[in-house]
Number of protein chains: 2
Amino acid sequence: MRAATLKDVAVLAGVSVKTVSNVVNGYAFVKPENRRKVEEALIATGYRPNIGARNLRRGKTGFIALVLPELSIPYFGELAGLVITAAQAHGWNVLIEQTQGTRDRERTALTSMGPHMIDGAILSPQALSAEDFADLAPGVPLVMVGEHAVDVPIDHVAIDNVLAARTAVGHLAAIGRRRIASIGRNPHRGTAALRLEGYRAALAEAGLAEDEELSVPALEYHRRDGAQAMSRLLDLPERPDAVFCFNDLLAIGALRAAADRGVRVPEDLAIVGFDNTEESAYSIPSLTTIAPDKKAIAETAVSLIHGRSTDAAENATPFDLQDIQTPFALEIRESTIGRTRAPA
Amino acid sequence: MRAATLKDVAVLAGVSVKTVSNVVNGYAFVKPENRRKVEEALIATGYRPNIGARNLRRGKTGFIALVLPELSIPYFGELAGLVITAAQAHGWNVLIEQTQGTRDRERTALTSMGPHMIDGAILSPQALSAEDFADLAPGVPLVMVGEHAVDVPIDHVAIDNVLAARTAVGHLAAIGRRRIASIGRNPHRGTAALRLEGYRAALAEAGLAEDEELSVPALEYHRRDGAQAMSRLLDLPERPDAVFCFNDLLAIGALRAAADRGVRVPEDLAIVGFDNTEESAYSIPSLTTIAPDKKAIAETAVSLIHGRSTDAAENATPFDLQDIQTPFALEIRESTIGRTRAPA
DNA sequence: GTGAAAGCGCTAACAA
DNA sequence: TTGTTAGCGCTTTCAC
């Protein structure tokens, strides 16, 4: 049984397609009698608008793309869920593109999505550099979340990474730690540079000397990398008494490595993470972490695209680049101050 | 600058749209000279096909829906990533719909996706019952993963839940546990019934009596619910010496509740989870868990839809309902056998 | 208020 | 081998 079209409904209701269309789209001025007839026919046929056709006609697609490394990474899973919810409020469906964080796949994700495919894109780039943005689908509103490739004239939504890192490390200093390490240095990640900067600033503020060998790089930000990096730190002749990890996964790995060596957290070693993934509230010990307002990030990013995409259609506000900072908080848990209470 | 259309390319190349279309779609018989001209024009214009228009014409949408409770739940995040990858191989994009596990949202997800919107749907229903499937978009291939609402003539892909649960609980019995609890009983989840059945079968096989109060229900399958349920079990006058949790999140919560009470895992209490989420390999202690082959689930589900959707178009194999079982393994870690080695 | 008809960009019959 | 053309289902002028 072929699905009902507008025309089928019109025939059944004995009116024109236009009238049916008016009813379907909530146009106010329809003769009550006709409206009734149409509504009946709508139900009788089980009519559902063909969104594709509508969008083709309207010149919009009804989709936005969300380009991120991997959905299996908790932070991105959580973020994606929030983006989908936020997008729904604007009538958008979300196409998710996974890049594994490679520059190549980030490029193709962006270029393959023709301008017809999507009304906009939100991306969390890991490896993309300025030049890659040259041949982007023009006219597609783009917003970057999290990472910030400098020198690229693209809207951006994120927390203040430097301040957040400073806050995290400041907390470690405030509880009396003196030999504070960091895990996550990475020349290819924009945020890594910012978090490292915040880390250094906090050390300086606390009057602590920086020790090069305490800043351990991590190429990937998975649990495994955190465990490896932590192992290296624990092999040092003079062990750190605290470590700031650039994300929660690294911190979870660090926690694991510490446990494997019999190093007590937080007594011997305090650990702070970054992202406040749900997992961090239940690890043992639970993880002190920077909690970005992910909902705000998702909603702001979607709103920006929404604004741009209607702008573009109408009177085109020319070029007011947005760089929006969303709130964050320091969530203090057992990995820095020890057992206090069971998690909620 | 308006995006280039087929017609623009045709004009520039000095041929007809048909020829351009032939080139774009890889049709073999095009005069070499024309092909060259078209290809040049393609590049010059930066042409990108309008997928929406193509699909409208072809009567397909190029999308499949993935309907699941929440992307922030690790199991679903991981599964979604795999589904997206598998779908890509068939040229599909994936629309993700989050239902929060409520029947209402599951219903609307399924019905709102008109048949025009999607070529098929994969769903992981939590609360949907047989009658809800009555008014589904007809003609849209559907496959259920994981949960299995009985009496519904819909393709299904999952592991053998009874056997998996039996294996998990059998393992607990094999390491000498005698008072084995379970967390996750739930009248509204199809899998819960199966896992409970496997739990009971394993107890019987081990010659262990079943104790009603050791089967604790969980309405949600989040970490918090696992912690609450575990607390209840630890309040019992006669505590269990092992617990089988119906998913990893419950197990993580149980781990946390045990730690809060000073109950040692696995010495005092062995814990087994279900799903083998990445988190379970890094918890402290790491979690013994049932590891379903998620990749197989994702790929099988997508293949089924693919088969159905081409079937439907062509000679319609009438009705051979598929109920496919994918492999699983028992991943034995510290939460049942104690410290052995650091995770890889 | 409503109908007729054009056309969004594409594919595919049919002709040439 | 290629051009012409009719729609896919919808929205939207423009008449009436």
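Order of the sequence lines sets the chain letters (A, B, ...), proteins ahead of strands, with each chain counted from 1.
Although no hydrogens or angles enter the test, the distance criterion places a donor-acceptor pair under 3.5 Å between the side chain of A/Asn50 and the main chain of A/Gly52. In terms of modelled atom types and a separation under 3.5 Å, the side chain of A/Asn25 and the main chain of A/Ser21 share a donor-acceptor contact.
Scored by the salt bridge (charged side-chain N to carboxylate O under 4.0 Å, His left out) test, B/Glu40 finds B/Arg36 as partners (sequence neighbours excluded).
Closest to the side chain of A/Leu56, from the set D/dT11, D/dT1, D/dG9, is D/dG9.
With a heavy-atom cut-off of 4.0 Å to chain B, the contacted part of DNA chain C has its first and last nucleotide at C/dG9 to C/dA13.
Using a 4.0 Å heavy-atom distance criterion, A/Thr5 is classed as a sugar-phosphate-only contact. Here A/Asn55 lies out of heavy-atom contact (under 4.0 Å) with every strand.
Using a 4.0 Å cutoff on non-hydrogen atoms, the parts of residues 6-19 of chain A near DNA chain D are A/Leu6, A/Lys18, ordered by number.
Listed here is the closest heavy atom pair of B/Arg105 and B/Thr99: CB-O, 3.5 Å.
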- Message: Assess the residue pair B/Ser72 and B/Glu70 against the criterion (side-chain hydrogen bond (donor to acceptor under 3.5 Å, both in side chains)); give the C-alpha distance rounded to whole Å, side-chain angles, the decisive distance to 0.1 Å, and a yes or no.
- Response: CA-CA 5 Å; B/Ser72 65; B/Glu70 245 188 288; 2.9 Å; yes
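Each of B/Pro32 and A/Asn22 lies near DNA chain D, and the nucleotide nearest B/Pro32 is the one positioned closer to the 5' end.
For the pair B/Val67 and B/Pro125, the minimum side-chain heavy-atom distance is 4.5 Å or more.
Aromatic rings from A/Phe63 and B/Phe63 are positioned such that their centres are separated by under 6.0 Å.
Using a cutoff of 4.0 Å between basic side-chain nitrogens and carboxylate oxygens, B/Arg58 and B/Asp119 are not scored as salt-bridged.
When rounded to the nearest whole Å, the span between CZ of A/Arg58 and P of D/dG9 equals 17 Å. In this structure, A/Tyr27 places its OH atom 12 Å from C1' of D/dT13, rounding to the nearest Å.
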